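What's counted below: heavy atoms across the whole structure, side chains too, no hydrogens, waters or symmetry copies. Fair warning: this is a prediction, and the values are worked out from it, not measured in the lab. Just so it is clear: chains get the letters A, B, ... in the order the sequence lines come, proteins before strands, and each one is counted from 1.
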There are 2 protein chains.
Amino acid sequence: MVRWEPGTRERLQAAALDLYVEQGFEQTTVEEIARAVGLTERTFFRHFADKREVLFDPQNRLQQAFLDAVDAAPAGATPLETVASALETAAAFFGDERRPWSRRRQSVIAANPALQERELLKMAALETSVAHALRARGIGERAAALAAGACITVFGVAFGQWIAEGEQRSLADIQREVMGELGSVAAGLAAVVAGGEG
Amino acid sequence: MVRWEPGTRERLQAAALDLYVEQGFEQTTVEEIARAVGLTERTFFRHFADKREVLFDPQNRLQQAFLDAVDAAPAGATPLETVASALETAAAFFGDERRPWSRRRQSVIAANPALQERELLKMAALETSVAHALRARGIGERAAALAAGACITVFGVAFGQWIAEGEQRSLADIQREVMGELGSVAAGLAAVVAGGEG
DNA sequence: GTCTATAGTGCGATAGAC
DNA sequence: GTCTATCGCACTATAGAC
């Protein structure tokens, strides 16, 4: 009999998601989650800083993927070319096999402002780190911040479509489509800036 | 002697900001804030849902300003022209007299992830409502979401500069500059989309 | 593993404003 | 009388300290 089985984190995450889906986030206590996998409340807090964090990847693999992709982009690439290639790479993290889990997870988050806050914090951290990686490539602070903002906006819109009911296409395909639509929206931007407005 | 002085909300907000600046957000208890203005903890929670909310405008006036400005834009305006005019209008909310208070508030938020989460939630709500207002003008869902994302990104970058140490220019001036930089960044977007990437 | 501070909720009582 | 701001008390769960 093993004293502690491996994959404790993962089992806590799975149990938490199940309970959050079944009875709601607020109606679920940390003690319930811990007992569901044969542990105590105290152990839960050793693995996760708080009750929300259990729905998020403590290792931030997505962020690491984005950063590696930014670093790997060709030296002469523009800021938006760089983030476009980062989005391509990041899409590999969300294969078809993860889509059902992502949908369940998102339904819980959508129902709880407290969880939305945490998700937004993670996305903001991602945006900041992408901007930082762009700056390390010699891109100016403003351009880096704006390109990173565009990157996360496109990712967010595309991800929302990826988990939409009935959606079958890959995240990469959807991202390319959304990036194209961003091109359409931004097409008149030079004119807007030159012309001024009321 | 009046039992209830007016402006209870505002006095709680001022006292809370003072205490958060002096001793930190986490080191300040709700009871301290309440007692600082002669009230009890229970009354604090009558006015604000939680300890963080006291730093935010419960009336969401900024959001209302954005929405009014979007509705007031000329009928034929493109999505980005519309958000550009919304940014112009919204800038009126942040006059020079509010800059010192905004700086104090931001220094507290910058030091506390829990407060950053709340700020991000407010910004996300703002973005969503701008997207919704754009859709009401007949703009497609995707274009509306992307234009709203650009709007909030520009606002965020510009606001950060507005409260930067030594900054003197108005928020509207900075926003125009940032919008111009977004034009530069987006200039090559059509080429990126057409050419694809590794 | 226990112990505690405190955030936040629910219900009810009080009392001034009108 | 109604309406509403305030207070009091009991209570739970989170989260951190020891």
Encode nucleotides 2-12 of chain C as B, S and - characters from 5' to 3', where the letter depends on protein heavy atoms closer than 4.0 Å: B to the base, S only to sugar-phosphate, - to neither. B---SSBBBB-
Just checking, any donor-acceptor pair under 3.5 angstrom between side chains of B:Gln175 and B:Glu88? no
Is it the case that A:Asp68 and A:Gln64 place a side-chain donor and acceptor less than 3.5 Å from each other? yes
Tell me if the aromatic rings of A:Phe94 and A:Phe159 count as close, with their centers under 6.0 Å from one another. yes
How close or far is atom P of D:dT12 from atom CD of A:Glu32, stated in whole angstroms? 15 Å
I need the CZ-C1' distance between A:Phe48 and D:dA13, as an integer number of Å. 19 Å
Can you tell me how far apart OG1 (B:Thr153) and CE (B:Met179) are? Round to the nearest 0.5 Å. 10.5 Å
Closest approach of B:Leu67 and B:Ser129, non-hydrogen atoms and distance? CD2-O, 3.4 Å
D:dT6 phosphate, OP1 or OP2, under 4.0 Å from B:Thr43 side-chain N/O: no
d(CZ, B:Phe44; P, D:dA5) in whole Å: 16 Å
Looking at B:Thr8, I'd like to know whether one of its side-chain N or O atoms comes within less than 4.0 Å of OP1 or OP2 on D:dT6. yes
Between P of D:dA5 and CD of B:Glu10, the distance in whole Å: 13 Å
For B:Ala77, which residues count as a side chain to side chain contact (heavy atoms under 4.5 Å, CB included) partner, sequence neighbours excluded? B:Pro74, B:Glu81, B:Thr82, B:Arg137
Interatomic distance, B:Phe25 CZ vs D:dA15 C1' [rounded to whole Å]: 14 Å
Spacing of A:Glu53 atom CD relative to D:dT14 atom C1', expressed in whole Å: 15 Å
Find the distance B:Leu39:CG to C:dG16:C1' and express it as a whole number of Å. 15 Å
A:His47 atom NE2 is separated from D:dA15 atom C1', nearest whole Å, by 16 Å
